[in-house]
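Structure first, commentary second.
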Amino acid sequence: MNPSAPVPPAVRTPPLAEPSGWHRISLTVNGERISAEVESRLLLSDFLRDRLGLTGTHVGCEHGVCGACTVLVDGEPVRTCLTLAVQCDGVTVRTVEGLAPDDSPLTSVQQAFHACHGMQCGFCTPGFVMTATALTEQPERPGTDEVADALSGHLCRCTGYRNIRRAVCQALDERFGK
């Protein structure tokens, strides 16, 4: 090795756009104000299930395809397996546990799923119920295509979707009239 040869600059890893680490978030979950320290990479599904014990948010595909992990964030359906907990700072989250807490009566959507047999094994049901809840909370009745589009974001391996669609239509009829 030639001692007079120039020394190449050290190879450096470029800095991250946002350094990984811990962040304090504050959000409202099912009406309760929550503050927590979360890692940058923590998924909302893991935060809800593992940190808050809200296991009604099911994790199926972990790719945003099946819809089992759907909750409402500021009233809109969101896949928790694709959402980081740090993204939810300052928002309101509703899970299936927040629809009829404790001994409260079931919501019209939950009653419709029960009456129409809109579930079998129940794994996909929380996601469908949360999406249907968002549909019933719109100011105007969603059209047939909008309902079909919303439900197409969910997979059920047990049913042919007929009873799920009937349940959603029944809940919409109750909310908006036929």
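This is a predicted model, so every value here is computed, not measured.
In the displayed structure, Arg162 atom CZ is contacted under 6.0 Å by at most 12 heavy atoms of other residues, nucleotides or ligands. For Arg157, the CZ atom is loosely surrounded, since the number of other residues' heavy atoms within 6.0 Å does not exceed 12. Summarising the local packing, CD of Gln87 is surrounded by more than 12 heavy atoms from other residues, nucleotides or ligands at distances under 6.0 Å.
Note: Phe128 and Phe113 have tilted aromatic rings, judged against thresholds of 30 and 60 degrees for the angle between ring planes.
Distance check, rounded to the nearest 0.5 Å: CG of Leu172 to CD of Glu146 gives 9.5 Å. In this structure, the separation between NE2 on His114 and OG1 on Thr125 is 12.0 Å, given to the nearest 0.5 Å. Distance CZ/Phe123 to SG/Cys158: 10.5 Å, rounded to 0.5 Å. Glu39 contributes atom CD, which lies 4.5 Å from atom CH2 of Trp22 (distance to the nearest 0.5 angstrom). Put simply, CD on Glu32 and OG1 on Thr92 are 13.0 Å apart, with the number rounded to the nearest 0.5 Å.
Under the 3.5 Å distance criterion, the side-chain polar atoms of Glu76 are left unmatched by any main-chain donor or acceptor of Val73. Put simply, the side chain of Asp89 gets close to the backbone of Ser26: a donor and an acceptor are under 3.5 Å apart. In this structure, Glu137 contributes its side chain and Ala134 its backbone to no donor-acceptor pair below 3.5 Å. Panel note: side chain Asn163, backbone Met119; no donor-acceptor pair is recorded below 3.5 Å. Checked by atom type and distance alone, the side chain of Gln111 pairs as donor or acceptor with a backbone atom of Leu106 at under 3.5 Å. Here the side chain of His23 pairs no donor or acceptor atom with the backbone of Val38 at under 3.5 angstrom. Checked by atom type and distance alone, the side chain of Arg49 pairs as donor or acceptor with a backbone atom of Thr55 at under 3.5 Å. A distance-only check finds a donor-acceptor pair linking the side chain of Thr80 to the backbone of Cys69 [under 3.5 Å]. Checked by atom type and distance alone, the side chain of Thr136 never pairs as donor or acceptor with a backbone atom of Ala171 at under 3.5 Å. Although no hydrogens or angles enter the test, the distance criterion places no donor-acceptor pair under 3.5 Å between the side chain of Gln170 and the main chain of Cys116.
Across Gly60 and Ala68, no two heavy atoms sit closer than the pair N-CB, 4.5 Å. The heavy-atom pair separating Arg51 from Ala36 by the smallest distance is NH2-CB, 4.0 Å. Smallest separation of non-hydrogen atoms from Pro105 and Ala100: O-CB, 3.4 Å. In terms of heavy-atom proximity, Leu27 sits nearest to Cys88 at CB-O, 3.4 Å. Residue Val86 comes nearest to Ser40 through the heavy atom pair CG2-O, 4.0 Å, listed as atom of the first residue, atom of the second, then distance. Heavy-atom minimum distance, Val71 versus Arg94: CB-O, 3.3 Å.
Among the candidates Leu151, Leu155, Val168, the single residue satisfying the side chain to side chain contact (heavy atoms under 4.5 Å, CB included) test with Tyr161 is Leu155. When each of Val93, Thr28, Leu52 is tested with Ile34 by the rule side chain to side chain contact (heavy atoms under 4.5 Å, CB included), just one qualifies, namely Leu52.
Side-chain atoms of Leu72 and Val78, non-hydrogen and from C-beta on, never get closer than 4.5 Å to each other. Side-chain contact between Thr57 and Pro126 is absent, with no heavy atoms from C-beta onward closer than 4.5 Å. Met130 has its side chain within reach of Leu99: a pair of non-hydrogen atoms, C-beta onward, lies under 4.5 Å apart. Inter-residue side-chain proximity for Leu48 and Leu43 is flagged as unmet; no heavy-atom pair is nearer than 4.5 Å. Contact check for Arg175 versus Ser108: no side-chain heavy atoms found under the 4.5 Å cut-off. Using a 4.5 Å heavy-atom threshold, the side chains of Pro142 and Phe176 count as touching.
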Pair Arg79-Thr70, side chain to side chain donor-acceptor pair (under 3.5 Å): steps then yes or no: CA-CA 5 Å; Arg79 303 290 195 266; Thr70 302; 3.1 Å; yes
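Residues Leu84 and Ile25 share a hydrophobic cluster, clusters being chains of Ile/Leu/Val/Met/Phe/Trp/Tyr side chains in contact below 4.5 Å. Val109 and Val147 fall within a single hydrophobic cluster, where Ile, Leu, Val, Met, Phe, Trp and Tyr side chains are chained together by heavy-atom contacts under 4.5 Å. Clustering ILVMFWY residues whenever any of their side-chain heavy atoms sit less than 4.5 angstrom apart, transitively, puts Val96 in a cluster other than the one holding Val91.
A salt bridge links Arg141 to Asp173: one of the charged nitrogens lies within less than 4.0 Å of a carboxylate oxygen.
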